[in-house]
Structures are given as C-alpha cells and as structure tokens.
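When reading the values below, keep in mind they use all heavy atoms of this one structure, side chains included, and skip hydrogens, waters and symmetry mates. Per chain, numbering begins at 1; letters A, B, ... match sequence-line order.
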Amino acid sequence: MARQEIRLTNTLTRQKEVLTPFDPANVRMYVCGPTVYDFAHIGNARPVIVFDVLFRLLRHVYGPDHVTYVRNITDVDDKINARALRDFPDLPLNEAIRKVTEKTGDQFHKDVAALGCLTPSVEPRATENIDQMIALIGKLIDQGHAYVARGEEGLEVLFDVLSMPEYGGLSNRSLGEQQAGARIAVEGHKKSPGDFVLWKQSRDDQPGWDAVFNLPKPNRKALGLSDETLTIHGRPGWHIECSAMSERYLWTEIEERLSDGALAHPHQFDIHGGGLDLIFPHHENEIAQSRCAFETPRMAQIWMHNGFLQVEGQKMSKSLGNFVTIHELLQTDKFGSRSWPGEVLRLAMLMTHYREPIDFSVKRLEEAETKLRAWQRAAENAEMSDPSEEVVGALADDLGFQRAQPAIDALARKANAGDAEAAERLAATLDFLGFGTNSLLVQIDASENEAVEAAIADRLAALAAKDYPKADAIRANLLTKGIQLMDYKDPATGARRTKWENKK
RNA sequence: GGCCACGUGGCGGAGUGGUGACGCAGCGGACUGCAAAUCCGUGUACUCCGGUUCGAUUCCGGACGUGGCCUCCA
C-alpha cells in the first residue's frame, strides 16, 4: 500500500510542500518548547497541540518507532532568575532556580497531558546541554561567524550576521532593510545592529558556567587582551540552545541509526516548528547558527508556524484581565464560570486551522464540548479498528483537521444508526486524534457508580408502578450531581432501559 | 515606515468562474408519561469600491478593517 503523502506549508518557501523525509525510517522533528518560569497560558497550548497532531500523523504514516520528536525545555533564562529571586529569596540562587524550573516544568507536563498530548521522544533541558552550546559557540568563533565584545553587562559572544549573506531568508528581511529601520537601538559594541548574543557573562547572582573560547588575533586586539583563549563565566543566549539540542538529539545521538539518505544531508532534519512570533528573530538566528556552524545549505527542510489566538476578541494580556492559563481552564471556574475537560480545549483549538488566528471564547468551548460528547457517545463501548482514512487524509493536507469534521460526523451518524463497523472506526479515529472515546461521558469512581446504578433501579421500579413524580425526583436528584439519565428501549425485548452520562 | 497573515450567515468552518457544503446555536416535528439522547425538516452570508467576464464570493487592482513580527513575546 502506498504511503499517505503528507503536505505541509513551509514558511521558508511560503508554499505547501510534500514532506519527503531524509530517512523515512527516522523522521525527525524539533519544536520549540516552553520557558519554564510560570504557568503556561492557553496560547502556549496551541503549538503543543498542533505539533502533537503532527507527531501522531507522522507516527501513523511512518510507524510509531520511526519518528523522533524533540521538544526542548528552556530552563535557563533571565525571567527564571527573576522569578527565583522573587519566590525563593532565602534560598541559594541555584536551588531557587531549580525549584522554579521543576515546579513549572511539572505543571506544564500535567497540563499538556490533560490536553491529550503524547510525550515527545526527547524533552531535553537547556541546562543539560550547556557543553554542547559552548562547543557550538566555539566553533562559530573559530569559523569567523562570532566574536567576543564588551557589552554593558560584561563580555558577550555575538553572532556576526554580516558573516552570513543569506541571513534573513526565513523572515524575508534583508540585512539592509534592518539597518535602514531605525528601530533597532545601535549598541556600540556590536559590529552590526542585528548581531545577537550567543553567550553572556554572568554576575555572581546569575547562573553561570565556565566557557573557554579561542580568541582569534583580531578579536584579541579589539579587546586589548593577549591570551589565545578566554574563559567567560556566563550563560547562553536564547537562540543557541535550539541549535545545540536539535543537533544533539536529531543528529549526533542517532547518527548511527540513520540511513544513507539522511547521512547524505548531515546535520539537517525534517521539520522545525513553533509559534508565528518565533520566525524572527528566534528561528532566523537558529538557522544562522546551525547553518554556519555545520556549513549546511539548510537547517531543517520544512519550517512550520502556528498562528496566535485572541481571547473573546481581544488580545490576551494581564492588564485586560483576560489572561488565562491552561491550569485555570482545567481546574478552576475562571473562564466561563466552569472548568473544561482537556479534550474539549484540544478540540476547540483544532477546530481552526493551525495557521489561522483563533478567537478563543466560551462559545467555542461549548461547541467543542457538544461535538465531542456526541462523537464519544456514538463511539462508546466500541472496539477500535483503524482511523478514518478521510480524517487521516485531511490531516495529511497541511493538518486540515477542520476539513475532517464532516467525515467524523458521518461516522457518528452511521454508528448511531447501528453500524458497528462505523462505531469501531470512529473510536479508532477519536483515539488517533487524542480525544479519548468516553472521557466526557464517565468520570466518576466505582463507589459512586454503584449508587447511581441503585438509583436507576429504584427509578425503573417507580416507573413500572407509574409513579412518575417519584421517578422524576430521582432523575432530578441525580442531575444535580451531574448525572444525566437517558432512557432507551432494549432492542431485543423492547423493555425500557436507562443509561447515564456525566455532565460535569 | 518595512515585512507577513487574514476578512464567508448569530457562531465555527468548507468550497467554487455559473444550481448558496457541513456543524453549533435557534425554530418546527418525530420518539418519550415528561425529559435526555437520537432522528427528520428549516431561515439568514461571501468587508467595501473598481476592473476582467455573458456571469465573481471565487481572478486582477485599490480601499477599509483585524492580527503578528521588526528590543530573547507562543
């Protein structure tokens, strides 16, 4: 059987392209993950969900063991330092930082698991890859793509954007344009205004690692130093971590397993993703670092970017009071006066194509819940066969989930009409998409379950005695606990039966 | 100012050079003792202005509007 062709919009070319992995036995994807300094908000959830869908699609098409998905955790950042000093002023800095990043990281993992997202193949932490970053920076200095300068807060290693003529290719800005735009403050120590930090010296109250760099002669002269090497106790700039970690986990560590097709394109991988805002400068800079360090014509084949979301028609911001975290949606009644199941948040996110803006609203969540509930009802108790090919096909066309909805609705309709095969396909499809097959319907523990069944039996007895007031009272009472009863006829005997679902 | 997206009915969202998908909500009906679920039926739209065309929501141009980036912000 021919493999499903996957087409994705590539920001590099602004076109939909057929995905042609260097090595179909090792499809490799890197997505920029969270900086762990605070609860993730609902905007942060979008790339996580979008690229989880892509991960699932890739696993489906290429096989679960043939996809490597790397999503980093940024655990060194000045925002983290600030948070550590604020929240744990009495602890030693490193300990305080560790507390912040562990706590926030754990919360992030709980949040995205509730959103139905699979764990990536590797989730490297920046702090576990400092050596790799230092090596990469050293390489860039040695090759003449980076230099050491004295900035306002100490020594800095800067990337020299003029050393890369193709800089700006992803975001479609030429260096000339950027220099013409007067918005970039010209910092005197930079050779060129667009130069960005690779490594910066740390004070005692900032996290730091000792890095030894060679100092080329001209650079020595500029700094007024005589040693051939320079040790800078410092910390990495933001961009370098992704270059270092993608190289390590998508190339170095798996190189021996890669096929000739991949080996013919060393240091390159298939897909790199993230939010729209990362195109410039973050991804542009990653490309500059990786391509220059490894002397490659590209870093990744396909660059994908998800759109932003607004909340109830407005930009989400703390000052507007519409800032909402994943945690709050899942666990509190802050948004729409109730909490929301993770699967509902997931569907609400996927209803709109990943590149389009989303207006995240209560109305949207309500619609998503109605939809998902109906799908799960139709799939309930069915075995799983294979996911719908129409749905897979819609996803394969640039993750067009919204085009798959009619196909899912059709399966649900057939399942409701008694088509067991459709029900099995629907169950498999919902599972494939990460929605679960009955998570919205039953969410109570066993002891409670017994009480519900007993109440149902009482009600059926009351009904048999035509005691409708009593039967209705039982039903109403259960409803206050979130248990919705639904009567139906036994298809064989015609007798009245009752099932229920949880509406909480 | 530069670059990049996007504007379809109350909402979500397909799609097409010519008989207005689909879904949610609403309304009507069937079923039910009544509900719930399910099923059937049903109305309203292509931001504006030009142009091309026998004919444009669809192609071209312009305007307006919304959002993103241009100082490490998803």
Margin query: Should A/Phe308 be counted as stacked on B/G67, where stacking needs a ring-centre gap under 5.5 Å and an angle between planes under 30 degrees?
Written below: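 Not stacked by the 5.5 Å and 30° rule.
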Notebook entry, point to check: So, A/Tyr468 and B/G33: ring centres less than 5.5 Å apart, planes less than 30° off, yes or no?
Noted result: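 Answer is yes, a stack.
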Can you tell which of [options] lies closest to the side chain of [X]?
| X | options | answer |
| --- | --- | --- |
| A/Lys371 | B/C34, B/C24, B/U38 | B/C24 |
| A/Asp277 | B/G33, B/C39, B/C73 | B/C73 |
| A/Asp472 | B/A74, B/C34, B/A36 | B/C34 |

Can you tell me the distance, in whole Å, between the [atom1] atom of [X] and the [atom2] atom of [N]?
| X | N | atom1 | atom2 | value |
| --- | --- | --- | --- | --- |
| A/Lys466 | B/C34 | NZ | P | 11 Å |
| A/Gln405 | B/C11 | CD | C1' | 13 Å |
| A/Arg173 | B/G1 | CZ | P | 17 Å |

Hey, does the side chain of [X] come within less than 4.0 Å of [N]'s phosphate (OP1/OP2), counting only N and O?
| X | N | value |
| --- | --- | --- |
| A/Asn172 | B/C3 | no |
| A/Arg377 | B/U38 | yes |
| A/Arg403 | B/G15 | yes |
| A/Asn416 | B/C39 | yes |
| A/Gln402 | B/A14 | yes |
| A/Lys499 | B/A36 | no |

Item checked: Exercise: do A/Thr437 and A/Glu380 side chains pair donor with acceptor under 3.5 Å ->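 Their side chains do not contain a donor-acceptor pair, so the 3.5 Å distance test is not met.
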Next item on the list: Could you tell me whether the side chains of A/Gln376 and A/Ser439 share a donor-acceptor contact shorter than 3.5 Å?
Entry: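 Yes.
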Checklist line | A/Arg7 with A/Asp398: basic N within carboxylate O range, under 4.0 Å | finding: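 Salt bridge: no.
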Checklist line | Check ion pair A/Arg338-A/Glu369 (N to O, under 4.0 angstrom) | finding: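 Yes, A/Arg338 and A/Glu369 are salt-bridged.
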